[in-house]
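Please read the structure below before turning to the comments.
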Amino acid sequence: MNLRTLRQDLPAGLVVFLVALPLCLGIAQASGLPPFVGLLSGVIGGLIVTSLSPSRFAVSGPAAGLVTIVVAAIETLGSFSAFLLALVLAGVLQFMLGVIRAGRFITLVPGSVIKGMLAAIGILLIMQQVPVALGASGDTELAALFNGEFSFSLSAMMVAAVGLAILWLWTTPVVKRVKALNWIPGPLIAVLFGCVVTLSGNGIHPELVSNLPRISLPELGGIGELTSALEGPDWQAWRNPSVYVVAVTLALVASLETLLSQEALKKLRPQNPPPSPDKEMRAQGVGNLIAGFLGGLPITSVIVRSSVNVSAGAQSKTSILLHGVLLLVCGLYFSQLLNAIPLASLAAVLLYTGYKLATPRLFIDQIRLGAQQFVPFIVTIGGIIICGMLAGIGLGIATQILYSIYKSHRNALQLTRYDDHYVLRFQQNLTFMHNPRLQGLLAEIPENSVVIVDHDNAEYIDPDVKAVLKDFSDNANDRGIRLSQWPAAAK
């Protein structure tokens with residue numbers, strides 16, 4: 001602990017705690033798990049991962065981006081305990097990825113796929129939380145709204161609507177001009193409003209909140225009761241092949257989200273030397289390994305909480321460690337107070353988070369960038385929603401590769417006409433895959449023409465390409481075509 005920076009780190013840690021608390025609870029609720037599971041992951045991320053992380057400002061904990069994977073994985077594996085075994089394995093795999101220095105490969109993921117992944121996460125969050133904002137008390141599908149069996153709650157809709165309005169208001173210049181309000185995060189105000197409705201409704205008008213679902217935390221009197229409430233991994237599930245698929249998916253997506261958050265954090269608060277992505281992956285691997293053992297949610301470095309930490313003036317890891325301690329104390333001794341939080345308030349926080357991830361402006365910007373960016377972006381979104389996170393990312397990367405290959409091949413050869421002179425330019429090295437394009441361009445050259453080949457930019461020409469050029473040169477005299485600067489090896 002650095003005493004010289006304590007004056008800045010203490011208020012920063014408090015602000016990060018106030019932002020992290022509703023998010024930890026909301027992410028657990030969105031995953032169909034007890035809210036305390038989210039707090040547990042927040043504590044592990046805030047204390048253990050922070051201690052091992054090379055970054056002074058990155059805040060780790062449960063991430064909204066992994067909610068859809070958690071929900072699908074628990075459904076596939078059949079139990080939360082089997083999922084915990086997959087999380088343990090994912091932590092081991094993450095640690096090994098850090099050992100073999102795989103963090104450097106984050107730069108290979110195309111930007112269109114990254115944006116598509118974040119947008120898909122936002123859309124899935126919205127789809128999951130709309131029923132909760134309308135009154136659902138558990139894991140309810142969006143389709144249930146239209147089958148006539150869904151029970152709407154006016155109080156839940158009111159709490160969610162006002163919560164969304166508060167979150168929007170906190171982004172407006174009116175609030176931003178008030179410095180005192182800048183220290184109070186919007187998600188906390190939205191959650192506090194829900195608590196006021198619950199507490200006042202119980203005393204004034206109980207019917208108002210009778211159908212307002214709330215979170216349910218067990219009352220824990222100490223560490224002993226805490227350990228007895230935790231769920232451990234099902235070690236017998238190792239026979240299930242799906243466990244390993246989930247483990248690989250968790251490890252890859254959690255590592256990807258962590259490394260992307262680190263890249264974004266570099267732009268907010270540069271560190272010298274910059275934190276090692278491989279050390280960060282090892283720290284996250286240890287965190288997820290412990291989370292799997294203790295019964296928590298997957299952990300990643302989260303850019304939202306990290307940016308809040310930086311903007312609040314944090315100077316060292318002390319602020320993040322403090323936020324972890326506050327989450328632990330809150331879960332142990334203030335569970336009754338947290339039980340006053342309506343699920344609709346947390347749904348509002350997650351709906352707003354989903355909207356920011358999948359804002360319409362993002363789609364407009366991708367359209368303006370052209371098909372080469374927009375098509376992989378849309379394929380990634382559709383793939384994730386229909387096929388799952390890992391398959392969707394794979395489809396997006398494959399689409400981007402195909403588009404890049406196509407564009408590269410289209411631009412590798414260029415034919416320009418100047419009266420009866422034709423200039424054929426080789427813009428890069430040529431392989432057999434350029435033959436169809438080359439043959440098409442040569443076929444456009446009419447008889448009695450002069451053909452000049454500019455091949456200075458091609459250090460390598462595939463033998464199959466040379467064969468096509470040789471066939472053309474062999475027939476050039478018969479067609480009255482004169483060749484100039486023709487590659488010597490293709491004459």
Side-chain angles (χ1 to χ4, degrees), residues 104-117 362-384 386-387 391-491:
R104 53 190 164 174
F105 296 115
I106 183 62
T107 55
L108 294 178
V109 180
S112 59
V113 174
I114 294 171
K115 293 175 183 176
M117 179 190 76
L362 175 63
F363 287 80
I364 294 172
D365 290 342
Q366 291 300 111
I367 291 173
R368 288 176 176 171
L369 290 174
Q372 189 173 356
Q373 291 291 310
F374 182 68
V375 172
F377 171 76
I378 287 295
V379 169
T380 302
I381 294 175
I384 290 174
I386 297 171
C387 306
I393 292 174
L395 287 171
I397 292 175
T399 304
Q400 184 68 74
I401 290 173
L402 290 175
Y403 248 100
S404 298
I405 291 174
Y406 171 75
K407 284 292 184 180
S408 175
H409 279 61
R410 291 288 298 177
N411 296 328
L413 298 162
Q414 184 182 40
L415 182 66
T416 307
R417 178 182 178 182
Y418 302 93
D419 296 327
D420 62 342
H421 285 61
Y422 289 80
V423 179
L424 180 63
R425 292 186 175 88
F426 297 172
Q427 310 279 32
Q428 62 186 54
N429 295 341
L430 302 182
T431 69
F432 69 95
M433 297 181 68
H434 294 97
N435 275 349
R437 171 71 171 162
L438 176 61
Q439 290 172 340
L441 293 177
L442 293 176
E444 295 178 13
I445 300 173
E447 297 180 351
N448 303 315
S449 301
V450 177
V451 180
I452 302 172
V453 177
D454 180 2
H455 53 86
D456 292 343
N457 292 328
E459 296 181 1
Y460 171 78
I461 300 177
D462 192 282
D464 288 328
V465 175
K466 293 177 181 178
V468 172
L469 294 173
K470 189 173 188 310
D471 289 340
F472 183 84
S473 65
D474 290 344
N475 298 318
N477 289 333
D478 298 337
R479 300 175 57 196
I481 295 176
R482 186 158 55 91
L483 305 178
S484 177
Q485 299 182 25
W486 201 254
K491 287 184 178 180

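Position 1 is the first residue of the sequence; numbering continues from there.
- Across all non-hydrogen atoms, the minimal contact from Pro110 to Ile397 is CD-CG1, 4.1 Å.
- Of the inter-residue distances, the one linking Gln373 atom CD with Tyr403 atom OH reads 11.0 Å to the nearest 0.5 angstrom.
- Paired with Ser112 under the rule side-chain hydrogen bond (donor to acceptor under 3.5 Å, both in side chains), one option of Gln372, Gln400, Gln366 passes, and it is Gln400.
- Rounding to the nearest 0.5 Å gives a distance of 6.5 Å between CG of Leu483 and CZ of Phe472.
- Proximity of Asp420 to Asn448: side-chain heavy atoms (C-beta onward) are nowhere separated by under 4.5 Å.
- Distance OG1/Thr416 to NE2/His421: 13.5 Å, rounded to 0.5 Å.
- Other residues, nucleotides and ligands contribute over 12 non-hydrogen atoms within 6.0 Å of the CG atom of Asp478.
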Verdict with reasoning, Leu413 to Leu430, per side-chain contact (heavy atoms from CB on, under 4.5 Å)
CA-CA 9 Å; Leu413 298 162; Leu430 302 182; 3.8 Å; yes
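- At least one side-chain heavy atom of Val465 sits under 4.5 Å from a side-chain heavy atom of Leu469.
- For the atom pair Glu444 CD and Leu424 CG, the distance stands at 10.5 Å (nearest 0.5 Å).
- Ring orientation note: the planes of His455 and Phe426 are tilted relative to one another, at an angle of 30° to 60°.
- Distance check: His434 NE2 to Gln427 CD gives 10.5 Å after rounding to the nearest 0.5 Å.
- In this structure, CZ on Phe363 lies 4.0 Å from CD1 on Ile381, to the nearest 0.5 angstrom.
- For the pair Tyr418 and Arg425, the tightest heavy-atom approach, listed with the atom from each and the gap, is OH-NH2, 4.0 Å.
- Side-chain atoms of Arg479 come within 3.5 Å of backbone atoms of Ile445 as a donor-acceptor pair (strictly under, hydrogens ignored).
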For a side-chain contact (heavy atoms from CB on, under 4.5 Å) check, start with the C-alpha distance between Tyr422 and Leu441, then their side-chain angles and the critical distance, and finish with the verdict.
CA-CA 10 Å; Tyr422 289 80; Leu441 293 177; over 6 Å; no
